Amino acid sequence: MKITHEIKENTIIITLNGELDASSSVVLDEELSDPEIMKYSKILVDCENLNYISSAGLGVFISHLQRFEDAQIKLIFYNMQDKVRNVFEILGLDLLMTIVSDYDEAMTIADE
C-alpha cells in the first residue's frame with residue numbers, strides 16, 4: 001500500500017494505492033490522526049487504485065468519522081472501484097460516508 005497526499009487550499013487529497021489491510025491500515029491511521037489534518041475543511045480520498053480494503057482499513061475510517069464530523073470536516077471518497085464500493089455498501093457504510101464517482105463531484109459536494 002502506498003499512501004500519498006496533496007494539499008490544495010483548504011483540502012487534503014489522500015491517494016490510496018494498493019491493498020489496505022491490517023498492516024497498511026496502521027499507516028493510514030497515523031495519517032488521519034496527525035493533528036495537522038484538522039486544519040483542512042475537506043478530506044478527499046482517491047480510491048482509484050485501491051484494490052482491496054480489509055475490516056481493519058474500514059475501521060480506520062470509521063474511527064475518525066465522529067472526530068471529523070465534530071470539526072465540520074467533510075470526508076469524501078471518490079474513484080472507488082466496484083469491488084471496494086460493494087464492501088462499503090454491504091456493510092451499510094455508504095450511508096455513513098460520502099462516496100461519489102469522481103474528483104469533480106467530490107469537490108462540488110465538498111464546497112456545499
Side-chain angles (χ1 to χ4, degrees):
M1 165 62 62
K2 182 177 179 184
I3 301 171
T4 58
H5 68 269
E6 176 184 357
I7 296 165
K8 291 185 178 180
E9 297 176 21
N10 61 346
T11 304
I12 185 165
I13 302 165
I14 298 173
T15 302
L16 304 177
N17 192 334
E19 297 184 354
L20 185 55
D21 56 18
S23 61
S24 57
S25 65
V26 173
V27 177
L28 177 62
D29 187 51
E30 289 172 1
E31 180 98 15
L32 296 178
S33 297
D34 186 338
E36 284 291 304
I37 204 164
M38 300 304 286
K39 71 181 184 181
Y40 302 101
S41 62
K42 298 172 268 197
I43 301 170
L44 305 185
V45 183
D46 183 351
C47 300
E48 183 175 13
N49 295 308
L50 177 63
N51 303 318
Y52 168 83
I53 188 164
S54 71
S55 58
L58 291 167
V60 168
F61 289 117
I62 292 167
S63 70
H64 291 279
L65 269 181
Q66 191 64 53
R67 187 171 122 241
F68 294 151
E69 188 176 305
D70 290 347
Q72 298 181 335
I73 297 171
K74 293 182 180 178
L75 176 64
I76 302 170
F77 298 83
Y78 69 99
N79 286 341
M80 196 174 280
Q81 295 181 27
D82 288 342
K83 63 184 175 183
V84 173
R85 187 180 184 116
N86 286 341
V87 173
F88 279 76
E89 290 173 354
I90 288 168
L91 297 172
L93 297 177
D94 59 320
L95 303 174
L96 293 175
M97 301 176 188
T98 304
I99 303 170
V100 298
S101 59
D102 57 34
Y103 173 80
D104 290 336
E105 189 177 356
M107 286 302 289
T108 300
I109 288 176
D111 289 334
E112 291 178 352

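Note that this is a predicted model, so its numbers are computed, not measured.
- Taking both residues in full, the closest heavy atoms of Ser63 and Asp29 are given as OG-OD1, 4.2 Å, listed atom of the first, atom of the second, then distance.
- Here the straight-line distance linking atom NZ of Lys39 with atom CG of Asp34 works out to 9.0 Å at 0.5 Å rounding.
- Screening Leu75, Ile99, Leu50 against Val45 for a side chain to side chain contact (heavy atoms under 4.5 Å, CB included) leaves a single residue, Leu75.
- Across all non-hydrogen atoms, the minimal contact from Thr11 to Lys42 is OG1-CE, 3.0 Å.
- A donor-acceptor pair is defined here as one N or O able to donate and one able to accept, closer than 3.5 Å; no such pair exists between the side chain of Glu19 and the backbone of Ile53.
- Atoms CG and CD1, from Asp104 and Ile109 in turn, are 11.5 Å apart once rounded to the nearest 0.5 Å.
- Under a hydrophobic clustering in which Ile, Leu, Val, Met, Phe, Trp and Tyr are joined whenever their side-chain heavy atoms come within less than 4.5 Å, directly or via other members, Val26 and Leu20 fall into different clusters.
- In this structure, OG1 in Thr108 is found 7.5 Å from CD in Glu105, a value given to the nearest 0.5 Å.
- At distances below 3.5 Å, not a single donor-acceptor pair connects side-chain atoms of Ser25 with backbone N or O atoms of Leu58.
- Counting all heavy atoms, side chain and backbone alike, His64 lies closest to Ser33 at CE1-OG, 3.2 Å.
- Residue pairs meeting the ring-ring contact (aromatic ring centres under 6.0 Å, His included) criterion with at least one member in residues 15-61, sequence neighbours excluded, are Phe61-Phe77.
- The two residues His5 and Ile12 come nearest to each other via the heavy atoms CD2-CD1, 3.8 Å.
- Annotation: side chain of Asn79 is in contact with side chain of Asp102 (closest heavy-atom distance under 4.5 Å).
- The two residues Asp111 and Lys74 have their closest heavy-atom pair at C-NZ, 4.3 Å.
- Linking ILVMFWY residues whenever their side-chain heavy atoms come closer than 4.5 Å, directly or via other members, places Val87 and Leu16 in the same cluster.
- Under the 4.5 Å side-chain heavy-atom criterion for ILVMFWY residues, a single connected hydrophobic cluster contains both Met97 and Val60.
- At most 12 non-hydrogen atoms from other residues, nucleotides or ligands lie less than 6.0 angstrom from CG of Asp82.
- Side-chain atoms of Ile14 and Ile37, non-hydrogen and from C-beta on, do get closer than 4.5 Å to each other.
- Taking NZ of Lys8 as the start and CG of Asn10 as the end, the distance is 12.5 Å to the nearest 0.5 Å.
- Here the side chains of Ile73 and Met38 are in contact, with some heavy-atom distance below 4.5 Å.
- When all heavy atoms of Glu31 and Ile3 are compared, the pair lying nearest together is OE1-CG2, 4.3 Å.
- Two different hydrophobic clusters hold Ile76 and Leu96 under the rule that ILVMFWY side chains link at heavy-atom gaps under 4.5 Å.
- In this structure, CD1 in Ile13 is found 9.5 Å from CD1 in Ile7, a value given to the nearest 0.5 Å.
- Linking ILVMFWY side-chain heavy atoms closer than 4.5 Å, directly or via other members, places Leu91 and Leu28 in a single hydrophobic cluster.
- Among residue pairs with one or both ends in residues 89-112, those qualifying as ring-ring contact (aromatic ring centres under 6.0 Å, His included) are Tyr78-Tyr103; sequence neighbours excluded.
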May I have the step-by-step check of side-chain contact (heavy atoms from CB on, under 4.5 Å) for Met107 and Leu44, ending in yes or no?
CA-CA 8 Å; Met107 286 302 289; Leu44 305 185; 3.4 Å; yes

